[in-house]
Amino acid sequence: MFEQYKMLVDSAHKAEERRGVSNNIFLGINSLITSFFVFPEEIIHIHIKGVPASLLFALVGMFVSWEWLKVISSYKKINFINYSLINSFEKFFTTYVFSLKGEVEVEHEEENSHKTGSIILKKEHFLPKAFFFLYFSYFVLIVSYFLNSLI
């Protein structure tokens, strides 16, 4: 039983590592996509040939950001299940390391909220939403300039 508990704890740690890696990958992809953006002063002089490519980058960016949000949600579910199972296993042992850790974190949540790491994990969904808003705004900007140039 203890070996299964150790495997479950190891699995939870690996899921956390994969979560961080996936966030870094999505951040890199979004950085790459935004590097192809045309600056606002250049949008005024954009040719009709450049509009589809610009719109495509914005749409791809919105899709990537949406997928990033889904991946974050998936990892949160996996972590919840893992830590619920860990807590269930701990009921059979004399010490409750993970349960005690959770209680201490809840008690000191206000004290830890100013630390960058905890803010990033609690607000993990903010960055994909910010990128999605950026891409959506860019899409609307390109469409509005294109429509204004036709008029």
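For the pair V71/R19, no side-chain contact is recorded, criterion being any heavy-atom separation below 4.5 Å from C-beta on. When side chains are defined from C-beta on, Y135 counts as touching T34, because their heavy atoms get closer than 4.5 Å.
With hydrogens and angles left out, the side-chain atoms of Y75 and N23 include no donor and acceptor closer than 3.5 Å.
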(message) What verdict does the salt bridge (charged side-chain N to carboxylate O under 4.0 Å, His left out) test give for K14 and D10, after you've listed the backbone C-alpha separation in whole Å, the side-chain angles of each residue and the deciding distance to 0.1 Å?
(response) CA-CA 6 Å; K14 287 180 182 177; D10 188 48; 3.3 Å; yes
(message) Evaluate L27 against W68 for side-chain contact (heavy atoms from CB on, under 4.5 Å), listing each step before the verdict.
(response) CA-CA 9 Å; L27 185 60; W68 190 1; 4.3 Å; yes
(message) Walk me through whether S73 and K77 qualify under side-chain contact (heavy atoms from CB on, under 4.5 Å).
(response) CA-CA 6 Å; S73 174; K77 288 176 187 175; 4.0 Å; yes
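Atoms CD1 and CD, from I78 and E16 in turn, are 10.5 Å apart once rounded to the nearest 0.5 Å. W66 contributes atom CH2, which lies 9.5 Å from atom NZ of K129 (distance to the nearest 0.5 angstrom). In this structure, CD1 on I25 lies 12.5 Å from CG on N30, to the nearest 0.5 angstrom. With rounding to the nearest 0.5 Å, the separation of CZ in F139 from CZ in F132 is 10.5 Å. Atom OH in Y138 sits 14.5 Å away from atom CZ in F131 (nearest 0.5 Å). How far CD1 of I29 is from CG of N24: 11.0 Å, rounded to the nearest 0.5 Å.
F89 and M7 are assigned to two separate hydrophobic clusters, defined by single-linkage of ILVMFWY side chains at heavy-atom distances under 4.5 Å. Taking hydrophobic clusters as Ile, Leu, Val, Met, Phe, Trp and Tyr residues chained together by side-chain heavy-atom distances below 4.5 Å, F92 shares a cluster with Y5. No path of Ile, Leu, Val, Met, Phe, Trp and Tyr side chains, each step under 4.5 Å between heavy atoms, connects L69 with F80, placing them in separate hydrophobic clusters. No chain of hydrophobic side-chain contacts below 4.5 Å, direct or via other Ile, Leu, Val, Met, Phe, Trp or Tyr residues, connects F63 to L55. Linking ILVMFWY residues whenever their side-chain heavy atoms come closer than 4.5 Å, directly or via other members, leaves F26 and F133 in distinct clusters.
Screening residues 51-61 for salt bridge (charged side-chain N to carboxylate O under 4.0 Å, His left out), with sequence neighbours left out, gives no hits. Sorted by first then second residue, the salt bridge (charged side-chain N to carboxylate O under 4.0 Å, His left out) pairs that include residues 59-71, not counting sequence neighbours, are E67-K70.
Checked against salt bridge (charged side-chain N to carboxylate O under 4.0 Å, His left out), E17 has no partners two or more places apart in sequence or in another chain.
Residues P128 and S65 share a closest heavy-atom pair of O-CB, 3.5 Å. Nearest approach of I86 to A12, heavy atoms of both residues: CD1-CB, 4.0 Å.
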